[in-house]
Asks: 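The structure is given below, and queries will be raised subsequently.
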Amino acid sequence: MTVQFGYPEDREARSAARVRALEALLIEKGVITDATVDKVLGYFEADMTPLNGAKIVARAWTDAEFAERLVKDTPAAVAELDLPVGMDGAEGEHLQAVANTPGVHNLVICTLCSCFPWPVLGLPPYWYKDPTFRARAAREPRVVLKETGLDLDPSVELRVWDSSGHSRWFVVPQRPAGTDGMTEEQLAALVTTESMIGIAEVPSPAA
Amino acid sequence: MEATAPTPPLHDTCVTDMNAPTFDADWQRRAFGVAVALSEFGHYPWDAFQQRLIDAIGAWEAASATEQGSWQYYEHWLAALERVLVDHDLVAEDEMRALLGA
């Protein structure tokens, strides 16, 4: 084993101690206060959640002109909605929406690390960061989608978007059948994080 | 065409639990919060942290299976954080060494 990758048995405890020591040192040096990290985490956990993405998708489903603006200039369209302030910080400025259609399905991955559109989807699920998922989704996306439960018709074009520091993709899924007459709020409640990553479709409420 | 290695199975959470929690331990949550807070308050551009994260993950992926140990995303996150703090003079190199040696 090399020094670089020699993992000791107590790696969890050591990592926890390293983080504690690092945060304590930064507080001692006056770089942050003891409240800074909690404040930022609180903001992420309360305000930057997939609810934002769901509201954006529901608006796109009910307003065709908004849907068009959303894919053309995503940050500007998102700013039209009454979402938490600070949406344009924390990487929100690089948001890019792509819309599914009957003939095109979009899937978002990040092959290099784990870039993710935090302001609209919150923090990524564990599997999004998994090295096997990242590698396989790039190499054989159709197979991966099938394994996770989405069996795309061969006639549907599959587009895979690799997130980066400059483009944080999210998917506007197709509006499911059986949702005629539903309000924007009811529609938003149907939208899942998985559907906005493109690993699943939004299930029909009738199903 | 060279022989291809058997395809590793997807992580369990890919197929069984779509809404797995984001953090498995509190230290991961703290490490996430520290990295984001420092960037949000202008101590380094997010790109700088991200590049260190890409480097750390890339080094793990380039290592042989016997060397790399099991995958733990937030260990790479923490390593990237330690590097970027030194890069941007928030923590001196010798302070960081002392911290890691402790």
Side-chain angles (χ1 to χ4, degrees), chain A residues 1-2 4-7 11-13 15-23 25-26 29 31-32 36-41 43-45 86 89-91 112-115 118 122-133 135-136 139-140 143-144 147-149 164-166 192-194 199-200, chain B residues 7-15 17-34 36-41 43 46-47 50-51 53-54 56-61 63 66-76 78 80-82 85 90-91 95-96 99-100 102:
Chain A
M1 296 251 264
T2 63
Q4 191 182 6
F5 293 108
Y7 289 111
R11 61 195 274 197
E12 275 290 311
S15 293
R18 269 162 66 190
V19 176
R20 267 198 309 275
L22 206 56
E23 192 180 350
L25 179 65
L26 290 168
K29 291 167 85 75
V31 177
I32 54 175
T36 307
V37 174
D38 284 319
K39 197 174 156 192
V40 168
L41 283 170
Y43 173 63
F44 261 84
E45 288 163 354
E91 309 187 54
L112 284 180
C113 50
S114 57
C115 301
W118 293 337
L123 298 173
Y126 181 82
W127 50 265
Y128 184 81
K129 301 173 292 198
D130 186 88
T132 301
F133 173 78
R136 289 193 55 206
R139 201 172 61 233
E140 44 180 8
V143 179
V144 169
E147 283 175 36
T148 57
S164 70
H166 300 289
T192 61
T193 303
E194 288 76 29
I199 198 85
Chain B
T7 305
L10 287 170
H11 191 277
D12 279 349
T13 57
C14 293
V15 286
D17 183 4
M18 298 297 255
N19 286 304
T22 303
F23 301 113
D24 298 324
D26 190 60
W27 69 265
Q28 300 176 358
R29 183 173 172 273
R30 299 307 296 179
F32 174 85
V34 171
V36 173
L38 291 171
S39 165
E40 286 293 294
F41 290 103
H43 293 289
W46 187 249
D47 281 358
Q50 200 163 38
Q51 188 54 51
L53 182 59
I54 289 170
I57 292 175
W60 182 88
E61 288 182 336
T66 50
E67 282 174 341
Q68 63 187 183
S70 63
W71 170 254
Q72 170 46 270
Y73 176 77
Y74 278 100
E75 280 180 2
H76 301 305
L78 179 54
L81 175 60
E82 288 162 355
L85 288 174
L90 293 161
V91 176
E95 275 179 307
M96 187 60 81
L99 205 67
L100 296 179

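Here the structure is a predicted model, which is why all the values come from computation and not from measurement. Per chain, numbering begins at 1; letters A, B, ... match sequence-line order.
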Asks: Is chain B contacted by the side chain of A/Leu22, its backbone, both, or neither, given a heavy-atom distance below 4.5 Å?
Replies: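 For A/Leu22, heavy atoms of backbone and side chain both lie under 4.5 Å from chain B.
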
Asks: Using a cut-off of under 4.5 Å for heavy-atom pairs, which of B/Asp26, B/Leu85, B/Leu81 has the most such pairs with chain A?
Replies: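 Going by pairs under 4.5 Å, I would pick B/Leu85.
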
Asks: With a 4.5 Å cut-off on side-chain heavy atoms, are A/Leu41 and B/Arg30 touching?
Replies: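 Heavy-atom side-chain distance check passes, below 4.5 Å.
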
Asks: Is chain B contacted by the side chain of A/Ile32, its backbone, both, or neither, given a heavy-atom distance below 4.5 Å?
Replies: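 Only the side chain of A/Ile32 comes within 4.5 Å of chain B.
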
Asks: Given that the side chain runs from C-beta out, which part of B/Ala25 has a heavy atom under 4.5 Å from chain A: side chain, backbone, both or neither?
Replies: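 Only the side chain of B/Ala25 comes within 4.5 Å of chain A.
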
Asks: Relative to the ring of A/Trp127, is the ring of A/Phe133 parallel (under 30°), tilted (30 to 60°) or perpendicular (over 60°)?
Replies: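 Perpendicular, since the angle between the ring planes exceeds 60°.
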
Asks: In Å and rounded to the nearest 0.5 Å, what is the OG to CH2 distance from A/Ser15 to B/Trp27?
Replies: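 It is 4.0 Å, given to the nearest 0.5 Å.
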
Asks: To the closest 0.5 Å, what do you measure between CD (A/Glu147) and CD1 (A/Ile199)?
Replies: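 Rounded to the nearest 0.5 Å, the CD-CD1 separation comes to 10.0 Å.
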
